[in-house]
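Beneath this line is the structure, given in structure tokens, with notes to follow.
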Amino acid sequence: MGPKRRSQRNLCDGEDVVVKRARIEESGWTGVNERTFIAVKPDGVQRRLVGEIVRRFERKGFKLVGLKLMQASEELLREHYSELRSKPFFRGLIAYMSSGPIVATVWQGLDVVKTARKMLGETNPADSLPGTVRGDYCVEVGRNVIHGSDSVVSAQREISLWFRQNELQSWEDNCSHWIYN
Ligand code: DAT
Ligand code: MG
């Protein structure tokens with residue numbers, strides 16, 4: 001398999017990313033069904049921040065549709081961060097992200113991509129306001145404890161990369177009338 005073909009492969013289950021992304025777009029992940037990919041990075045897991053981070057998204061009113069503790073392969077991480085491959089910190093980023101287990105999650109709700117980014121804070125913890133995850137729990141950009149998709153298109157790409165379709169749960173939200181009018 002050549003490098004180009006390899007980069008298009010879905011690293012989770014061998015399906016083609018392009019094919020899978022088309023299927024996700026068909027399913028209409030817009031409005032209250034918008035989804036984003038949030039991951040607690042290895043430092044977040046080590047520092048026992050998983051519960052705190054999941055709690056924040058739950059309490060906000062977003063719906064958990066996928067969650068798993070996993071060791072990400074370097075191949076998966078290189079694909080996930082492919083836009084950053086020419087950056088001087090890329091090697092270190094892959095080493096950090098593969099240094100221990102990650103908690104990969106998918107959250108659903110109205111404007112979840114944009115709102116989750118606000119809840120995360122800025123890339124550099126020093127620029128992140130108190131009250132955000134990065135503003136409250138970390139100090140260095142290279143150990144910023146959490147990942148969140150930066151756009152709806154990125155979210156679709158990342159969810160396809162990290163989760164198989166059957167790992168995402170559709171469940172009836174008995175609380176939705178209290179969250180949406
Ligand atoms: P974000 O995670 O806020 O979306 P990004 O996509 O620009 O930020 O970068 C991905 C990750 O790469 C980021 O969470 C931490 C790392 N990173 C970014 N800029 C860095 C830098 N200047 N030095 C070291 N690591 C950096
Ligand atoms: Mg990013």
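FYI, the numbering just counts along the sequence from 1. Both counts, for ligands and for their atoms, begin at 1 and track the order of listing.
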Do side-chain atoms of [X] reach the backbone of [Y] as a donor and acceptor pair under 3.5 angstrom?
| X | Y | answer |
| --- | --- | --- |
| Arg117 | Gly148 | yes |
| Tyr137 | Arg47 | no |
| Glu167 | Arg164 | yes |

Per-atom contacts of ligand 1 with Asn144, taking only distances under 4.0 Å to non-hydrogen atoms: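 Taking each heavy atom of Asn144 in turn, ligand 1 has 13 (C), 14 (O), 15 (C) under 4.0 Å.
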For Tyr81, the ligand 1 atoms whose distance to one of its heavy atoms is below 4.0 Å: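 Here the atoms of ligand 1 in question are 10 (C).
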Test of proximity, Arg134 against ligand 1: N or O pairs below 3.5 Å: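 By distance alone, the answer is yes.
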Within 45° cone and under 6.0 Å: Lys68 NZ/CZ vs Phe163 ring: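 Yes, Lys68 lies over the aromatic ring of Phe163.
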Can you tell me the protein heavy atom closest to [atom] and the distance?
| atom | value |
| --- | --- |
| atom 11 (C) of ligand 1 | Leu93 CD1, 4.0 Å |
| atom 4 (O) of ligand 1 | Arg117 NH1, 2.8 Å |
| atom 21 (C) of ligand 1 | Phe89 CD2, 3.4 Å |

Ligand 1-proximal atoms of Val141, by part, heavy-atom distance under 4.0 Å: both
Member of Arg85, His80, Arg78 meeting the side chain to side chain contact (heavy atoms under 4.5 Å, CB included) criterion with Ser82: Arg85
Identified ring-ring contact (aromatic ring centres under 6.0 Å, His included) counterpart of Trp107 within the set Phe37, Phe62, Trp29, Phe57: Phe57
Any Lys41 heavy atom less than 4.0 Å to ligand 1: yes
CD/Gln71: more than 12 non-hydrogen atoms of other groups inside 6.0 Å: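 Result for CD/Gln71: enclosed.
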Nearest-option assignment for atom 6 (O) of ligand 1, heavy atoms, candidates Leu84, Asn124, Thr123: Leu84
